[in-house]
Amino acid sequence: MKSLSLLGSTGSIGTQTLDVLRALSASGHSPWQVSVLAAHSNTQLLEAQAREFRPRAVALFEPAAAEDFRHRTRDLGIPVLSGMEGLCEAAAWEEADLTLNAVVGMVGLRPTLAAIAAGKTVALANKETLVAGGALVTAAAREKGVAILPVDSEHSAIFQCLRGNDLAQVKRLLLTASGGPFFGKTRAELGAVTPAQALRHPNWSMGAKVTIDSATMMNKGLEVMEARWLFDVPVDKIQVVVHRESIVHSMVEYNDGAVMAQLGTPDMRLPIQYALTYPARLPGPVGELDLFGLGQLSFAPPDTEAFPCLAIAQEALRRGGLAPAAVNGANEQAVAAFLGGRIGFLEIPELCSGALGLDVAPAEEGLSLEAVLEADRAARAYVDTQLIGR
């Protein structure tokens, strides 16, 4: 029996992870027990999860939510951790064999580093960990001999296509993108987009922030940054391909021209399960891919004029240093402002581009956790300054 620490258990990836555990258990293949469940503030759902999975501890990022959880679950006697310290303790839980980090945003960076420092295998669904702190995280993982298993569908696909092959023989990585709900729209047509429209993703069921990032294509820019660190490939060897059907999850092209692809139904439970059971492939809750029912698969280049966030993220990666952390922080703040009705859809890339111009980009050798967090803070402060009076 293996032990899992699940961070972000009440979010989209977290709830689907628990679906995978239920399915594995029902099929008699589950080697997992849940040691820790961690959430931001959703005490009601976390209580239901705790009563079902009986973890050794829970963690809530919001202290008031942690106190509420204590009152609601006095009969369970489960220790309740809180704040960033509690989240990091959950990530590094002594009994855990694997920490799956599915929290959203920069809040996930410190817990990832805590898990690595404790020698835990990390299944990573928190983009910001590698976007903002890629050099720090990968260096720490190398030093500790810790494996980082990708949970994002695109990076899981690349991970699978690389198995048994030499990374030195890779010509490029081909990251597929759905194009979001506004594929084919011109920049002028995007001016009046509402949050409700942007939250209607055609293929995937995701949290609000990730869904907005998909609509702006910043999500794909962040994934380019992740791929650079996960697979040690420079930005110019990572190409984004719009694939509306979300059946080909990503591809790897080798020097001889061969292209290997991973296909599957657009269901996040598939890459989640692969991270949990790697290197084994076990029966799970995802349905079979019906090739005869697919019809046509299409591929197109991204439109960076209508969706400039992708190019902004790529430029941040080229500049290196703290530029990715600044762009990521500005994007998080801008997306929150858009969802709150304070800015328009097209102002998201404008604010991210402005943050790219901040003076926060030293050489990567000079990176530290404190510097990354300060770049994030400065970018958020920049966005807040631009929003004064709105």
Side-chain angles (χ1 to χ4, degrees), residues 124-125 127 130-131 134 138 147-180 183-184 201-204 214 217-275 277-281 284 286-304 307 309-311 313-314 317-318:
L124 194 59
K127 288 180 170 57
L130 292 178
V131 168
T138 52
I148 299 177
L149 303 175
V151 173
D152 275 351
S153 63
E154 295 83 358
H155 301 104
S156 176
I158 290 171
F159 183 64
Q160 294 176 61
C161 291
L162 287 172
R163 280 194 68 183
N165 293 296
D166 185 351
L167 187 61
Q169 297 174 0
V170 170
K171 183 176 181 180
R172 57 181 174 168
L173 307 181
L174 300 167
L175 274 176
T176 56
S178 70
F183 176 75
H201 196 282
N203 300 334
W204 295 96
S214 179
M217 288 205 72
M218 177 58 86
N219 193 49
K220 207 51 52 178
L222 300 179
E223 288 177 4
V224 169
M225 296 185 192
E226 282 186 277
R228 180 265 175 273
W229 293 108
L230 278 170
F231 307 113
D232 195 22
V233 171
V235 60
D236 294 329
K237 292 181 70 172
I238 306 170
Q239 181 176 344
V240 173
V241 179
V242 177
H243 170 55
R244 293 294 287 160
E245 297 81 7
S246 296
I247 297 298
V248 178
H249 297 299
S250 276
M251 299 169 276
V252 175
E253 182 179 3
Y254 290 90
N255 290 334
D256 61 358
V259 176
M260 300 187 70
Q262 187 262 321
L263 285 71
T265 56
D267 190 323
M268 278 303 302
R269 293 175 297 177
L270 196 157
I272 290 169
Q273 178 169 305
Y274 189 67
T277 64
Y278 173 81
R281 293 185 182 273
V286 180
E288 292 183 359
L289 179 63
D290 179 10
L291 291 172
F292 299 115
L294 287 180
Q296 187 171 317
L297 300 180
S298 61
F299 303 93
D303 181 356
T304 53
F307 303 95
C309 279
L310 173 58
Q314 290 169 320
L317 185 54
R318 290 189 181 95

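One finds the CG atom of L130 at 5.0 Å from the CG atom of L230 (value rounded to the nearest 0.5 Å). For the atom pair CZ (F299) and CG (L174), the distance works out to 9.5 Å, reported to the nearest 0.5 Å. Atoms CG and CE, from L173 and M251 in turn, are 11.0 Å apart once rounded to the nearest 0.5 Å. Remark: M217 CE to S178 OG distance equals 7.5 Å, nearest 0.5 Å. With rounding to the nearest 0.5 angstrom, the CG atom of L297 is 7.0 Å from the CG atom of L263. One finds the CG atom of L175 at 13.0 Å from the NE2 atom of H249 (value rounded to the nearest 0.5 Å).
In terms of heavy-atom proximity, F183 sits nearest to A300 at CZ-CB, 4.3 Å. The two residues I247 and P266 have their closest heavy-atom pair at CD1-CD, 3.9 Å. Here the shortest heavy-atom pairing between H243 and S298 reads ND1-O, 2.9 Å. Among all heavy-atom pairs drawn from T176 and K220, the shortest one is O-NZ, 2.8 Å. Closest approach of A125 to D152, counting heavy atoms only: O-OD1, 4.3 Å. A pairwise comparison of heavy atoms in K127 and L222 identifies CD-CB, 4.1 Å as the closest pair.
Residues meeting the side-chain contact (heavy atoms from CB on, under 4.5 Å) test with A258, sequence neighbours left out: D256. Checked against salt bridge (Lys or Arg N to Asp or Glu O under 4.0 Å), R244 has no partners two or more places apart in sequence or in another chain. Partners of L162 under the side-chain contact (heavy atoms from CB on, under 4.5 Å) rule, at least two apart in sequence or in another chain, are I158, L167, V170, F231, V252, Y254. Residues that satisfy the side-chain contact (heavy atoms from CB on, under 4.5 Å) test with D236, not counting sequence neighbours, are R318. For the side-chain contact (heavy atoms from CB on, under 4.5 Å) test, residues two or more places apart in sequence or in another chain that qualify with S156 are Q160, P271, Y274. Scored by the salt bridge (Lys or Arg N to Asp or Glu O under 4.0 Å) test, E253 finds K171, R172 as partners (sequence neighbours excluded).
Looking only at atom types and distance, the side chain of Q262 has no donor-acceptor partner in the side chain of S250 under 3.5 Å away. There is a side-chain donor-acceptor pair under 3.5 Å between E223 and N219.
Distance alone, capped at 3.5 Å, places no donor-acceptor pair between the T304 side chain and the F307 backbone.
For the pair R228/V235, no side-chain contact is recorded, criterion being any heavy-atom separation below 4.5 Å from C-beta on. A 4.5 Å side-chain heavy-atom check between L270 and V286 finds at least one atom pair inside the cut-off. Within the 4.5 Å cutoff, the side chain of E226 has heavy atoms near those of the H155 side chain.
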Please evaluate residues L310 and V240 with respect to the criterion side chain to side chain contact (heavy atoms under 4.5 Å, CB included), reporting the C-alpha separation (whole Å), side-chain torsions for both, the decisive distance (0.1 Å), and the verdict. CA-CA 9 Å; L310 173 58; V240 173; 4.0 Å; yes
